[in-house]
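Notes follow once the structure below has been shown.
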Number of protein chains: 2
Amino acid sequence: MRLDSVDISILTELQDHGRLTNAELAERVGLSASACHRRVKALEQAGVIDRYVAILSEKALGRGITVYVQVTLDNQKRETLVAFEEAVETVPEVMECYLMSGDADYLVRVLVRDANDYERVHREVLSGLPGVARLVSSFTIRRVFSRTTMPVPDEVVVKGD
Amino acid sequence: MRLDSVDISILTELQDHGRLTNAELAERVGLSASACHRRVKALEQAGVIDRYVAILSEKALGRGITVYVQVTLDNQKRETLVAFEEAVETVPEVMECYLMSGDADYLVRVLVRDANDYERVHREVLSGLPGVARLVSSFTIRRVFSRTTMPVPDEVVVKGD
DNA sequence: CCTGAAATTGTTGTCCT
DNA sequence: AGGACAACAATTTCAGG
């Protein structure tokens, strides 16, 4: 599916301002409200816009510390991987989990209040997950930046194509 | 600032459905539209809700591969750090960057189309950033899961408190 | 694909409890 | 605090170019 410059503007605006009114969005991209609305619906339908979310302040919620943890399992049997994956997803402090190439089997991003809180999560939760053999924790000192925004290319892959 | 169960419901709903209408949100949390609207405004004001965004599909945009890169700089002089930080933020493929404790100085998350595209970014962009001495790339094979949603505690830290 | 108009729905202030 | 109501605004559909 090919995107024209108006689609790209729409997506760029919505990535930063997910709650723009359709009327305001239409004005910013130079379209009538109805035309703009149709485009947005089409982009949602096509799966280019996945969803809309409110981002809460990590600081306000008392979740200021990010820790990356490399997880090595006992083995790479399929059941071991599946059991770990199902269990790790239920841990609310784990924000993200990737199956990795290289040394460790998984990389998980953990968000906690402080170092003490991480100690608890490490001891009581992560080390108890099924199949876990080794955990290597890397503490972040400071977030330099974080983006939720991607550049929008002029061609996208659409559901059912 | 203390949150009651209605505030928690509001924040939980908005984290998953950032574009709910106020009317629909009010119904879900069991409040009148005007009361709900007041609460949402207060939560925005207090900085608990940071912002609203549309999440685009990485797959649709052709950015399917995540690579984590550990960056070691020539030294830890302040100017070296600052120069690197300013430069890395301008790289659109870099979605996130943390100053780290431990072996490497920084950890960056890079989003690219495929392995070839990463080769380009590695060679033409990352290795050219100021102060970079070593890059250790870890490829993800598959994303197990990713959350944007945090559990909402009943007490939050408010701007100007 | 667009615009413009019409019907529906949502927003948001004010006042009252 | 929350609710009801009312004026205004936005959304959404549809006819017609």
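We name chains A, B, ... by the order of the sequence lines, and we start the count at 1 in each one.
Taking every heavy atom of both residues into account, A/Cys36 and A/Ile10 meet most closely at SG-CD1, 4.4 Å.
Remark: side-chain polar atoms of A/Asp105 are paired, donor with acceptor, to backbone N or O of A/Leu73 under 3.5 angstrom.
Nucleic acid contact for B/Ser32: base, since at least one base atom lies under 4.0 Å from a heavy atom of the residue. Contact annotation for A/Ser34: base contact, defined as any heavy-atom pair under 4.0 Å involving a base atom.
Mapping B/Thr21 and A/Gly30 onto DNA chain C via the closest heavy atom, the residue that lands nearer the 5' end is A/Gly30. Comparing B/Asp4 and B/Arg19 by the nucleotide of DNA chain D that holds the closest heavy atom to each, the one mapping nearer the 5' end is B/Asp4. A residue-by-residue look at A/Arg38 and A/Ala23 shows that A/Ala23 has its nearest nucleotide of DNA chain D further toward the 5' end.
Distance, B/Glu27 CD to D/dA4 P: 14 Å, rounded to whole Å. Taking atom CG on A/Leu25 and atom C1' on D/dT12, their separation rounds to 15 Å, with Å as the unit. Atom NZ in B/Lys41 sits roughly 19 Å away from atom C1' in D/dA1 (whole-Å rounding). Atom P of nucleotide C/dG10 and atom CD of A/Glu24 are separated by 21 Å, given to the nearest angstrom. The separation between B/Asn22 atom CG and D/dG3 atom P is 12 Å, rounded to whole Å.
By the 4.5 Å heavy-atom criterion applied to side chains, A/Asp16 and B/Val53 are not counted as neighbours.
At least one side-chain nitrogen or oxygen of A/His37 sits closer than 4.0 Å to the OP1 or OP2 atom of D/dT12.
Checking B/Val94, B/Val91, B/Val125, B/Asp117 one by one against B/Val110, the side chain to side chain contact (heavy atoms under 4.5 Å, CB included) holds for a single residue, B/Val94.
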